[in-house]
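For clarity, every value in this text was computed on a predicted model and none was experimentally measured. Each residue takes its place number in the sequence, starting with 1.
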Amino acid sequence: MKNITPQQKKFISEYLKTLDGETAAKNAGYKDKNLKQKAENLLARDYIVQELNRQLSNQIKSLRVQKGYVVKKLLQIAEFSLQEEDICDKEGNPTGKRKLRDTSAALKALDSLCKYLFQKDEDNSQLQAKIITISNLNDKKI
């Protein structure tokens, strides 16, 4: 892998803070007239992207969030969002009809959960399948 210069290291550090290439290039000390183009050129280099990914991965690992906690919270969001609630008229009186709270939030939580549970294992690039049970979820609510 090509050696990364101190200025490129600073760019990577700044980019991880701001996620803005132009700002990162400016804060890293680049003096080009078109900092946006300079940032695009830097981000097009494989060794820069690899270093960004490595540092980002290290930051994520350092959070030390338990996997069970993430799964539990995503399930809680999905289950809450799929609960039924009364539909009220303009005056706030129940109409006798019911609806799901927020199917959009439920789908987002379930999508995130699937991505989280079926992510590639970094060690062997195999898909890891995990089995979970979602309580209070039936075909009528989907």
Could you tell me which non-hydrogen atom of [X] sits nearest to which non-hydrogen atom of [Y], and how far apart they are?
| X | Y | value |
| --- | --- | --- |
| Ala78 | Ala109 | N-CB, 4.0 Å |
| Leu43 | Val49 | O-CG2, 3.1 Å |
| Ile77 | Ala105 | CG2-O, 4.2 Å |

Euclidean distance, [Y] [atom2] relative to [X] [atom1], rounded to 0.5 Å:
| X | Y | atom1 | atom2 | value |
| --- | --- | --- | --- | --- |
| Glu40 | Leu42 | CD | CG | 10.5 Å |
| Ile48 | Asn53 | CD1 | CG | 11.5 Å |
| Asn41 | Asp32 | CG | CG | 8.5 Å |
| Arg98 | Gln83 | CZ | CD | 9.5 Å |

_Once salt bridge (Lys or Arg N to Asp or Glu O under 4.0 Å) is applied, do any residues pair with Lys26, and if so which ones, sequence neighbours excluded?_
none
*Any donor-acceptor N/O pair, Asp86 side chain to Cys88 backbone, under 3.5 Å*: no
*How would you list all residue pairs meeting salt bridge (Lys or Arg N to Asp or Glu O under 4.0 Å) that involve residues 100-113, not counting sequence neighbours?*
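Salt bridge (Lys or Arg N to Asp or Glu O under 4.0 Å) check on residues 100-113 returns Glu85-Arg101, Asp111-Lys115.
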*Could you walk me through whether Gln55 and Glu51 pass the side chain to side chain donor-acceptor pair (under 3.5 Å) check?*
CA-CA 6 Å; Gln55 287 190 25; Glu51 182 62 18; 2.8 Å; yes
Tell me which donor-acceptor pairs under 3.5 Å the side chains of residues 7-16 have, and how far apart each pair is, sequence neighbours excluded?
| residue | atom | partner | partner atom | Å |
| --- | --- | --- | --- | --- |
| Gln7 | NE2 | Ala28 | O | 3.4 |
| Gln7 | NE2 | Gly29 | O | 3.2 |
| Gln8 | OE1 | Thr5 | N | 3.0 |
| Gln8 | OE1 | Thr5 | OG1 | 3.4 |
| Gln8 | NE2 | Tyr47 | OH | 3.2 |
| Lys10 | NZ | Glu14 | OE2 | 3.0 |
| Glu14 | OE1 | Asn27 | ND2 | 3.2 |
| Glu14 | OE2 | Lys17 | NZ | 3.4 |

